[in-house]
Amino acid sequence: MIPFDEAIGLINDQATTLGEEVVPLERAAGRVLTRALDARRDAPFSAVAAMDGYAVIDSATRPGEALRVIGQSAAGTGFTDALKPGDAVRIFTGAPMPQGSDRCIMQEYAERNGDLVVFKEDYGPGWHVRPPGSDFRKGDRLVSPGTRLGARAMVAAAAADLATVSVSVQPRVAIIGTGDELMVPGTAYTRADAIAESVTYGVAAMAAASGAEVVERALASDDLPALEDLAGTMLSCADVVIVTGGASVGERDFAKPMFAPHGLELVFAKAAIKPGKPVWLGRAKGKWVLGLPGNPTSAMVTARLFLMPLLARLQGQSIAEVNCWRKMVLAEELPTTGGRETFIRASWEKDGLVPVTNQDSGAQRALMQADWLIRRLPNAPVCRAGEHVSALAF
């Protein structure tokens, strides 16, 4: 069995990006940027109002003294003439400040009477003007390579004023759930010895959330020749094939044998972790093959620990970006661990991390409660409430 850190190191060293492509900005959400996005010009390009109000020349404005309103400035339609002392321009948030003006007085402090406006005594001290380049300057780096374009990053990407962006090629993922006992949800209740298959649904969701494209998902019975054929089909259409179940050493455990005719070469065969010892990783026909345990909790924990880093590396991200361990306070005592590194499912409560009651590897309901994995080293001593532990968002 390989230690967890060593397994992650192998993924880091061997998995490389699948390439890059240029896509329209509107299709870039969720993709990983391969080339930096730098601003094409200052933002704002010229001084703009930060509030609705009146643009004035501050040195020529006094409370109670009327100014003549000579026009208005709106976002996208500025006032083109220059202000002189005694002038004011009605202005709206985001509109360019007219030439000569240097202050925006909020409309709450204005009393308008036809073409005249008078300001109250307490209209200061704010000037409510965004200077040119106060957000960013031309050439500033707005989004760095390796960034996944989430909601906030998409705002910055659009602000760079580029119609297209270069992103990593999406990994294509195929998922195979194995086991004679598995049936499609909605049908399992018709057979006493059947189980509603759940793992591939969770793994598919995790892969999609990690930027992959799930191209195939299939259930298969424990028939080795049929599984060999299915493995070949999946390898032909995907960059990563994930097989769940059949990863132990029983007579009907075919997860590795089904890929043997396709030249399977193992990167690691087992991991010294709990849960999820049977997890394995290999290559076949130049594609990645990840074997996950069949038990739902074990499968989802190992997918979080190994699949997400693998997909990150294939998209040019660092593993540290997805396996970001944090020091967090523990709300309840943890017992000593055994000889394998242990990942305890926990939830975040007001006093800190609380281990979920059911830590069984086959638990499904408990997965809904667990949003963190607590990392415990082999043979770790008791950890008391109030101490800090290393945790990973689950």
Side-chain angles (χ1 to χ4, degrees), residues 1-2 7 11 15 171-188 190-208 212-271 275-303 305-307 310-311 314 361-362 364:
M1 289 189 294
I2 190 172
I11 294 174
R172 296 167 300 161
V173 170
I175 306 170
I176 306 169
T178 68
D180 289 337
E181 76 281 13
L182 302 179
M183 293 186 69
V184 174
T187 65
T190 64
R191 207 179 86 194
D193 60 351
I195 297 174
E197 196 282 317
S198 61
V199 173
T200 65
Y201 292 90
V203 172
M206 186 178 288
E213 178 187 3
V214 179
V215 293
E216 292 287 347
R217 187 174 60 82
L219 295 185
S221 59
D222 296 321
D223 178 334
L224 183 55
L227 287 171
E228 291 174 346
D229 289 342
L230 181 58
T233 299
M234 295 303 202
L235 288 168
S236 68
C237 70
D239 304 298
V240 179
V241 178
I242 303 164
V243 56
T244 71
S248 295
V249 291
E251 293 179 358
R252 298 175 69 80
D253 292 324
F254 298 135
K256 294 189 187 78
M258 65 190 283
F259 290 95
H262 308 289
L264 177 66
E265 296 181 357
L266 290 175
V267 176
F268 60 83
K270 289 183 180 180
K277 178 178 70 172
V279 64
W280 57 275
L281 181 67
R283 302 293 299 275
K285 292 187 174 179
K287 310 298 181 64
W288 289 94
V289 184
L290 177 63
L292 301 179
N295 282 321
T297 288
S298 294
M300 294 308 295
V301 169
T302 50
L305 296 175
F306 299 106
L307 174 61
L310 174 61
L311 293 176
L314 294 178
S361 63
Q364 298 174 92

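- Shortest non-hydrogen contact noted between Gly245 and Ala255 is O-CB, 3.5 Å.
- Ring geometry for Phe268 against Phe306 counts as tilted: the plane angle lies between 30° and 60°, on a 0 to 90° scale.
- In this structure, Ser236 OG and Glu216 CD are separated by 8.5 Å, a value rounded to the nearest 0.5 Å.
- Between Lys270 atom NZ and Met1 atom CE the span is 7.5 Å, to the nearest 0.5 Å.
- Side-chain atoms of Lys285 never come within 3.5 Å of backbone atoms of His262 as a donor-acceptor pair (strictly under, hydrogens ignored).
- Nearest heavy atoms, Pro185 versus Glu197: CG-O, 3.4 Å.
- Between the side chain of Asp180 and the main chain of Ser221, no donor-acceptor pair closer than 3.5 Å is present.
- Between the side chain of Thr233 and the backbone N or O of Asp229, at least one donor-acceptor pair lies under 3.5 Å.
- Checking side-chain atoms of Lys287 against main-chain N and O of Val241 turns up no donor-acceptor pair under 3.5 Å.
- The two residues Arg172 and Ala238 come nearest to each other via the heavy atoms O-CB, 3.5 Å.
- Leu182 is not listed as a side-chain neighbour of Val199, based on a closest heavy-atom distance of 4.5 Å or more.
- Smallest separation of non-hydrogen atoms from Val243 and Met258: CG2-SD, 4.0 Å.
- Within the 4.5 Å cutoff, side-chain heavy atoms of Pro257 are placed close to those of Leu224.
- Ile242 CD1 to Leu307 CG: the interatomic distance, rounded to the nearest 0.5 Å, is 4.5 Å.
- Rounding to the nearest 0.5 Å places CG of Leu305 at 11.0 Å from CE of Met300.
- Minimum interatomic distance between Leu314 and Ala15 (heavy atoms only, all atoms of both residues): CD2-CB, 4.2 Å.
- Atom CH2 of Trp280 is separated from atom CG of Leu290 by 8.0 Å, given to the nearest 0.5 angstrom.
- Side-chain contact check for Leu310 versus Trp288: some heavy-atom pair is nearer than 4.5 Å.
- Distance check, rounded to the nearest 0.5 Å: CG of Asp253 to CG of Asp222 gives 7.5 Å.
- The backbone N or O of Gly294 sits nowhere less than 3.5 Å from a side-chain atom of Thr244 that would complete a donor-acceptor pair.
- For the pair Glu228 and Phe254, the minimum side-chain heavy-atom distance is 4.5 Å or more.
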Val173 and Val215: side-chain contact (heavy atoms from CB on, under 4.5 Å), yes or no, with the steps? CA-CA 6 Å; Val173 170; Val215 293; 6.0 Å; no
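- Scanning both residues, Ile2 and Ala7, for their nearest heavy atoms gives CD1-N, 3.8 Å.
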